[in-house]
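We count ligands from 1, going down the list as the structure has it; atoms in each ligand are counted the same way. Below, all heavy atoms of this structure are taken into account, side chains as well, without hydrogens, waters or symmetry copies. Residues take their numbers from the sequence shown, with the count starting at 1.
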Amino acid sequence: MRKIILITGANRGIGGAIARILAADGHRVVGTARKLSADREGDWLQFDLRDEGSIKLAADEFGKRFEKLDVLINNAAVMLDEGMDFEKLDTGLLTETLNVNVIGTHRVTKTFLPFLKKSGDARIVNVSSRAGQLNDPMRVSPAYCISKTALNGLTSQQAIEFGGLGISVNAMSPGWVRTDMGGSQAPLSVEEGADTAVWLATEAEHSLTGGFYADRKLIHW
Ligand SMILES: NC(=O)c1ccc[n+]([C@@H]2O[C@H](COP(=O)([O-])OP(=O)(O)OC[C@H]3O[C@@H](n4cnc5c(N)ncnc54)[C@H](OP(=O)(O)O)[C@@H]3O)[C@@H](O)[C@H]2O)c1
C-alpha cells in the first residue's frame, strides 16, 4: 500500500537515504529541511526543530496538500559535543542538544499527531542510537548519548500514549554510518543505515510497538 511518509532532516545523510529508498518503493515522501534547496524535487516542508512556530506553519502547509499522515520518521538530530570529556560539558550545549534531539522530536510529533490519527495504520519511527543504550553505555559525546537515552524514553512514552490511537511507535539505531555526523571512517553506507527505519516504516508488523531495533531485531534499551 502506498503510504504518505514525512521524514525530518531528509536533505542529507541517513534521512536522505530513507527518503530515496521509500520514494523508489512508490511511497509519497515528504522531506523536511531547515533550508530548501533551489533544485529540490518532490514534496518538501521547511522547519527547524527548535522553532515550534516554523513546525506549525509547515503542518498547515502539509494540511493543504494531504489529509492524513501514515508514517512520521523523526530522523533529524545534532551531535554538538563529539569526543568531548564529560567534565567539559557545559549546560548550554546539553540544553541545545536536548532541545533539538528530544524536545524538537516531541514538537514535531505533537504537531503532526492530528494527521497521524487520520491514517488508521500510522507509525512513528524515532531514529535513535546505540549511544543512548542504558545497558551498555558508550563513552563518547555525553550530551548526544544523554539525548538518545531521552529519545528512547520519549519513544516508550509515545508508544503507551498512542497505542490507543492505533499508532505504533518504535526507536531504531542505524549503526555507525558514513555521514557528516558519522564521519568518513564509519563502516556502513547511508543505505545500510536506513534499512531498519525503512522496514519499521513499511514492512514490519504494525503490532510491533514500544521497541528499540537495530538490524531489524529488537535490542536492549
Ligand atoms: N551517522 C551515524 O553514524 C549515526 C549513528 C547513530 C545514529 N544516528 C542518527 O541518525 C540520524 C541521522 O544522522 P546523520 O548521520 O544522517 O546526520 P547528518 O548527516 O548530520 O544529518 C542531520 C540532519 O538533521 C538535520 N537537523 C539538524 N538540526 C536540525 C534542526 N534544528 N532542525 C531541523 N533539522 C535539523 C540536518 O539539517 P541541516 O542540513 O539543515 O543541518 C540534517 O538534515 C540522527 O538522528 C542521528 O543521531 C547517526
Which atoms from ligand 1 have a heavy atom of [X] less than 4.0 Å away?
| X | result |
| --- | --- |
| N11 | 37 (O), 38 (P), 39 (O), 42 (C), 43 (O) |
| A76 | 24 (O), 25 (C), 26 (N), 34 (N), 35 (C) |
| R12 | 18 (P), 19 (O), 20 (O), 21 (O), 36 (C), 38 (P), 39 (O), 41 (O), 42 (C), 43 (O) |
| G9 | 43 (O) |
| V127 | 9 (C), 10 (O), 11 (C), 45 (O) |
| G175 | 2 (C), 3 (O), 4 (C), 5 (C), 6 (C) |
| G13 | 16 (O), 19 (O) |
| R50 | 31 (N) |

Under 3.5 Å between any N/O of [X] and any N/O of ligand 1: does that happen in this structure?
| X | answer |
| --- | --- |
| N75 | yes |
| V100 | no |
| G15 | no |

Looking only at protein heavy atoms, which one is nearest to [atom], and how far off is it?
| atom | value |
| --- | --- |
| atom 17 (O) of ligand 1 | M181 CB, 3.6 Å |
| atom 31 (N) of ligand 1 | D48 OD1, 2.9 Å |
| atom 27 (C) of ligand 1 | A77 O, 3.4 Å |
| atom 2 (C) of ligand 1 | V177 N, 3.6 Å |
| atom 48 (C) of ligand 1 | I14 CD1, 3.7 Å |
| atom 40 (O) of ligand 1 | R34 NE, 2.9 Å |
| atom 1 (N) of ligand 1 | T179 OG1, 3.1 Å |

What part of [X] sits under 4.0 Å from ligand 1 if we count only heavy atoms: the side chain, the backbone, both or neither?
| X | value |
| --- | --- |
| L49 | both |
| K148 | side chain |
| S128 | backbone |
| V78 | side chain |
| Y144 | side chain |

Give the other cluster members for L134, using side-chain heavy-atom distances under 4.5 Å between Ile, Leu, Val, Met, Phe, Trp and Tyr residues; answer none if it is isolated.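 Traced through the cluster, L134 reaches no other member.
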
Ring geometry between F212 and W221 (parallel below 30°, tilted from 30 to 60°, perpendicular above 60°):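 Rings of W221 and F212: parallel, as their planes differ by under 30°.
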
Any heavy-atom pair between the side chains of N126 and Q158 that's under 4.5 Å?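 The answer is yes; the side chains approach within 4.5 Å.
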
Does a donor on one side chain and an acceptor on the other come within less than 3.5 Å for S119 and D70?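 The answer is yes; a qualifying pair exists.
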
Tell me whether L22 shares a hydrophobic cluster with V127, the cluster being built from Ile, Leu, Val, Met, Phe, Trp, Tyr side chains joined at under 4.5 Å.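 Cluster IDs for L22 and V127 match.
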
A33 heavy atom under 4.0 Å from ligand 1: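 Checking ligand 1 against A33, which is what was asked, there is no heavy-atom contact under 4.0 Å.
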
